[in-house]
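Below, read A as the first sequence line, B as the second, and so on, with proteins coming before strands; counting in each chain starts at 1.
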Protein chains: 2
Amino acid sequence: MKQERQLDEVDRRILSALQVDGSISHQDLAERVGASSASCWRRIKALEAAGILTGTVRLVDPAQVGRGVNVLCNIRMRSHALDARSAFERFVDDRPEIVECFSMSGEWDYLMRVVVADVADYNRFLMQILLGHASVAGAASHFALSMTKYTTAIPL
Amino acid sequence: MKQERQLDEVDRRILSALQVDGSISHQDLAERVGASSASCWRRIKALEAAGILTGTVRLVDPAQVGRGVNVLCNIRMRSHALDARSAFERFVDDRPEIVECFSMSGEWDYLMRVVVADVADYNRFLMQILLGHASVAGAASHFALSMTKYTTAIPL
DNA sequence: CATGAAAGCCATGGTAA
DNA sequence: TTACCATGGCTTTCATG
């Protein structure tokens, strides 16, 4: 099982701040959370060591780089065998337009979010790439009309 | 319409690198993309000014902070009137456990991803919060068994 | 034992040529 | 593009509650 370190109020404030602005300096962070810069630094190190605080990433506006269309796609697998699943998951990992994928309970095996330029682009992905995969028995695609909310911040 | 600035190969390499590691120094970035540090700096400024490169965020492991369960939830609205929709979207924005929400084509009005601690936690969210909202006519919830892939990086 | 204050070092960003 | 300089943040030390 995963070790869930107990977080106090200051830890939570640090995480909340860093989830919104990862480029804040330790000193600015310090006064925002009500602690000293050194204390912040030590806590951040501990949170990183515990695997709670992971990477730092910069975000790109999808629409601005021609990836403004989101498609949510349900997948049904041909086989539920372990090797078929892991082959499929490796495939998913290799495809950069698939940005999220969940193994699902219920009638579908996977749900993935795919970012594409337009409908034609998705058609290409679906026909030539996804349905071309040996493990995939079927897919149901649902186009997003708009992205109402997107955050990387996990509530604490 | 959105102004899609044309990106050259170096821009794309910069964005790709920053989407994976937002804490890389300009100098390390420079040699990774094959340009000078000063050139990198100027390009980054321009990409920020154009709104292509947006925030810097630090990521938190959901499982480590007791938010290890993902639920994908389809919503049907009671009304499609503009004010009902915007009220609902404001509600979505206010709920931190809803990390993503898409306005959808097809039989459902919205699809959202909700991060919760466990099934009981989701039950509380569904019954007391989501279905308590005046605009919501119905919901269909699908639990993720595991998160196979999650990336914030948009392909370029 | 963790915190807060203080100081030095170093790397970084920013600017010049 | 290259080189430099100065700023300021990171990191350690030490005293304190």
Side-chain angles (χ1 to χ4, degrees), chain A residues 1-62 64-65 151-156, chain B residues 3-67 151-154 156:
Chain A
M1 282 282 89
K2 36 208 54 135
Q3 39 160 359
E4 284 190 20
R5 254 194 43 149
Q6 204 58 331
L7 306 174
D8 65 9
E9 189 54 35
V10 177
D11 283 330
R12 268 193 291 273
R13 276 202 283 260
I14 288 176
L15 291 176
S16 295
L18 290 178
Q19 281 193 113
V20 172
D21 180 4
S23 65
I24 190 174
S25 74
H26 288 173
Q27 318 186 23
D28 290 351
L29 181 63
E31 66 179 32
R32 278 196 53 183
V33 305
S36 75
S37 152
S39 178
C40 271
W41 179 80
R42 265 189 296 260
R43 284 169 181 270
I44 288 172
K45 284 292 168 201
L47 291 166
E48 287 170 345
I52 296 173
L53 199 49
T54 57
T56 303
V57 297
R58 297 218 53 177
L59 302 178
V60 166
D61 181 353
Q64 296 263 39
V65 295
T151 179
T152 56
I154 305 300
L156 305 166
Chain B
Q3 39 161 357
E4 284 190 18
R5 255 194 43 149
Q6 205 57 335
L7 306 173
D8 65 8
E9 190 54 36
V10 177
D11 283 330
R12 268 193 291 272
R13 278 202 283 261
I14 289 175
L15 291 176
S16 296
L18 290 179
Q19 282 193 113
V20 173
D21 180 5
S23 65
I24 189 173
S25 75
H26 289 171
Q27 318 186 26
D28 290 352
L29 180 63
E31 68 179 29
R32 279 196 53 183
V33 304
S36 74
S37 149
S39 175
C40 271
W41 180 78
R42 260 190 300 262
R43 285 169 180 271
I44 289 173
K45 283 292 168 202
L47 291 166
E48 287 169 344
I52 296 173
L53 198 49
T54 57
T56 303
V57 297
R58 296 218 53 174
L59 302 178
V60 166
D61 181 354
Q64 296 263 38
V65 294
R67 293 279 180 170
T151 180
T152 56
I154 305 300
L156 305 166

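- For the atom pair CG of B:L47 and CG of B:L15, the computed distance is 5.0 Å after rounding to the nearest 0.5 Å.
- Counting to the nearest Å, the P atom of C:dG13 and the CG atom of B:L18 are 11 Å from each other.
- Residue pairs meeting the side-chain hydrogen bond (donor to acceptor under 3.5 Å, both in side chains) criterion with at least one member in residues 50-59 of chain A, sequence neighbours excluded, are A:T56-B:R58, A:R58-B:E48, A:R58-B:T56.
- Here B:L156 contributes atom CG and B:I52 contributes atom CD1; the two are 9.5 Å apart, rounded to the nearest 0.5 Å.
- A:S39 has a side-chain polar atom (N or O) that falls below the 4.0 Å cut-off from OP1 or OP2 of C:dG4.
- Residue pairs meeting the salt bridge (charged side-chain N to carboxylate O under 4.0 Å, His left out) criterion with at least one member in residues 12-29 of chain A, sequence neighbours excluded: A:E9-A:R12, A:E9-A:R13.
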Please assess B:V60 against A:L53 for the test side chain to side chain contact (heavy atoms under 4.5 Å, CB included), listing each intermediate value before the final yes or no. CA-CA 5 Å; B:V60 166; A:L53 199 49; 4.1 Å; yes
Quick one, give me the B/S/- string for nucleotides 3-17 of chain D, reading 5' to 3', where B means a protein heavy atom under 4.0 Å from the base and S means that only happens at the primed atoms, P, OP1 or OP2. ------BSSB-----
